[in-house]
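One-based numbering, in listed order, for ligands and for the atoms of each. Note that this is a predicted model, so its numbers are computed, not measured. The figures that follow rest on heavy atoms only: side chains count, while hydrogens, waters and symmetry mates do not. When a residue number appears, it is its place in the shown sequence, counting from 1.
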Amino acid sequence: MVMRPALINVMAKAAEKAGKGLSRDFGEVEHLQVSRKGPADFVSNADIKAQKILREELTKARPTFGFLGEEDDGEADTSGKAERWIIDPLDGTTNFLHGVPHWCISIAAEKAGEVIAGLIYNPITDETFWAERGLGAYCSNKRLRVSGRKDLSECLIATGLPFKGSKKNDAKVMKELAAVMPKVAGIRRAGSAALDMAYVAAGRFDGYWEEGLGIWDIAAGYIIVKEAGGFVSPMVKGGNPVKDAALIATNAEIHDKIVKLVRAA
Ligand code: LIP
């Protein structure tokens with residue numbers, strides 16, 4: 001039995017409480033697909049309710065932390081705080097909206113501008129991916145290690161593709177896809193950046209790249225991949241993968257090859 005650090009226990013407790021509400025709401029979404037307006041407003045409310053629960057629980061446990069959540073619309077309370085939470089209460093929103101059971105809650109703790117701990121909770125599979133700087137990465141109680149695949153032709157790579165209204169450079173993403181796709185065993189666009197990164201840490205994906213994200217999508221995944229022995233680079237040389245919310249995350253063996261293909265596209 002792995003002894004989880006106190007900070008991780010705080011994050012896990014908050015995620016599990018918010019996850020209960022989201023799981024209940026997710027059960028409702030299927031019935032709403034046929035409604036004239038569809039479940040968009042219902043899902044938006046579910047997202048906001050989850051963030052409210054997370055904010056209450058995390059602030060109760062660590063009152064000195066600032067809070068940056070995806071649903072804050074600029075009300076980020078992080079000014080002058082040495083430590084802050086970076087939260088995506090529902091990552092994989094479009095999956096959730098369509099009743100696709102692949103979404104999660106992502107919580108990162110940042111101290112002096114560096115991510116020091118991350119937790120990604122998937123209520124559908126009851127998997128809690130977590131890591132704290134220097135203590136390794138875990139899925140529930142199982143130690144996580146990235147895959148050992150070296151041959152790109154055997155690798156499964158995830159990414160995020162453009163969609164109406166996304167903040168991506170569509171033409172560049174299509175060039176990246178054209179560069180990577182023919183060299184690998186498969187590409188997956190699963191719809192949750194946080195789970196994509198958790199899967200790299202777990203060795204399920206050998207690599208992942210995406211741009212045009214929010215810091216809340218990838219902050220937790222960043223530390224989990226690194227503590228699982230993976231490498232994370234910015235999309236643009238000299239950038240910051242977390243602050244830019246545009247990154248390439250892979251196992252240790254294929255990193256340089258994937259970075260070269262994506263950056264040169
Ligand atoms: C989503 C990411 C996904 C990305 C979408 C969106 P959300 O996060 O997980 O990978 O392609 O643009 O950012 O909006 O579901 O929290």
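At under 3.5 Å, not a single nitrogen or oxygen of Leu213, backbone or side chain, sits near a nitrogen or oxygen of ligand 1.
Ligand 1 has Leu90 within reach: a non-hydrogen atom of the residue lies less than 4.0 Å from it. The closest approach between a heavy atom of Gly191 and any atom of ligand 1 is below 4.0 Å. A heavy-atom separation below 4.0 Å is not found between Lys167 and ligand 1.
Taking all atoms of both residues into account, the shortest heavy-atom contact from Ile107 to Ala220 is O-CB, 3.4 Å.
Classification of Glu211 and Lys168 as a salt-bridged pair fails, no side-chain N sitting under 4.0 Å from a carboxylate O. Under 4.0 Å is where a charged nitrogen must lie from a carboxylate oxygen, and between Glu114 and Arg84 no such pair does. A salt bridge does not link Arg189 with Asp196: none of the charged nitrogens is closer than 4.0 Å to a carboxylate oxygen. Salt bridge present: Lys172 and Glu176 bring a charged side-chain N and a carboxylate O closer than 4.0 Å.
Of the protein's non-hydrogen atoms, Phe163 CE2, 3.8 Å is the one closest to atom 5 (C) of ligand 1. The closest protein non-hydrogen atom to atom 8 (O) of ligand 1 is Asp91 OD1, 3.0 Å. At the shortest separation from atom 4 (C) of ligand 1 among protein heavy atoms lies Glu210 OE2, 3.1 Å. Regarding atom 6 (C) of ligand 1, its nearest protein heavy-atom neighbour is Asp217 OD2, 4.6 Å. Protein heavy atom closest to atom 16 (O) of ligand 1, with residue, atom name and distance, is Asp88 OD2, 2.8 Å.
The shortest distance between side-chain heavy atoms of Phe26 and Trp103 falls below 4.5 Å.
Inspection of the Gln51 and Asp88 side chains reveals no N or O donor paired with an N or O acceptor under 3.5 Å. With 3.5 Å as the limit, one finds no donor-acceptor pair spanning the side chains of His102 and Ser192.
Every atom of ligand 1 with a heavy atom of Thr93 under 4.0 Å away is listed here by number and element: 7 (P), 14 (O), 15 (O), 16 (O). Per-residue contacts place Gly92 under 4.0 angstrom from the following atoms of ligand 1 (heavy atoms of the residue considered): 7 (P), 15 (O). With ligand atoms numbered from 1 in the order given, ligand 1 contributes 14 (O), 16 (O) to contacts under 4.0 Å with heavy atoms of Glu70.
Contacts between Arg189 and ligand 1 below 4.0 angstrom, taking non-hydrogen atoms only, involve the side chain exclusively.
Within the model, atoms CG of Leu22 and NZ of Lys49 stand 8.0 Å from one another, a figure rounded to the nearest 0.5 Å.
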